[in-house]
Amino acid sequence: MRKTQTDESAREALDRRGFLRAVGGAGSLAAAVVVSPLAGGEAQATESADEKVKARYQETAHVQAFYRTNRY
C-alpha cells in the first residue's frame, strides 16, 4: 500500500498536536508545583505595634494634582 501526501501530513499534524498538548500540560503542572509550596504557609506580620497605628496616607502636592486632574 502506498502512502499518500495527505496521510503523511495528517500524521504530522497529529504529532504536532500531541507535542503541543504535552508542552501545555507540562507548563500547567510546573505552575501548580511552583504555587503549591507558597499557598501552604501562613503570612507573618513584620510590623511592630507602633508601625501598625502610624499615619500612612499623606496628601502631597502630586496627590492633590492627581485629584484635581481627575476630579475626585
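Computed from a prediction, not measured in an experiment: that's the story for all the values here. Side chains included, hydrogens not; waters and symmetry mates left out as well; all remaining heavy atoms used.
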Q.
According to side-chain contact (heavy atoms from CB on, under 4.5 Å), who are the partners of S48, at least two apart in sequence or on a separate chain?
A.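 Applying side-chain contact (heavy atoms from CB on, under 4.5 Å) to S48 gives D50, E51.
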
Applying side-chain contact (heavy atoms from CB on, under 4.5 Å), name anything that partners T60, two or more places apart in sequence or on another chain.
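Partners of T60 under the side-chain contact (heavy atoms from CB on, under 4.5 Å) test: Q58, H62, V63.
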
By salt bridge (charged side-chain N to carboxylate O under 4.0 Å, His left out), E59 pairs with (sequence neighbours left out) none

Check: When clusters are formed by joining ILVMFWY residues with side-chain heavy atoms under 4.5 Å apart, either directly or through shared neighbours, do Y57 and V53 land in the same one?
Finding: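 Y57 does not cluster with V53.
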
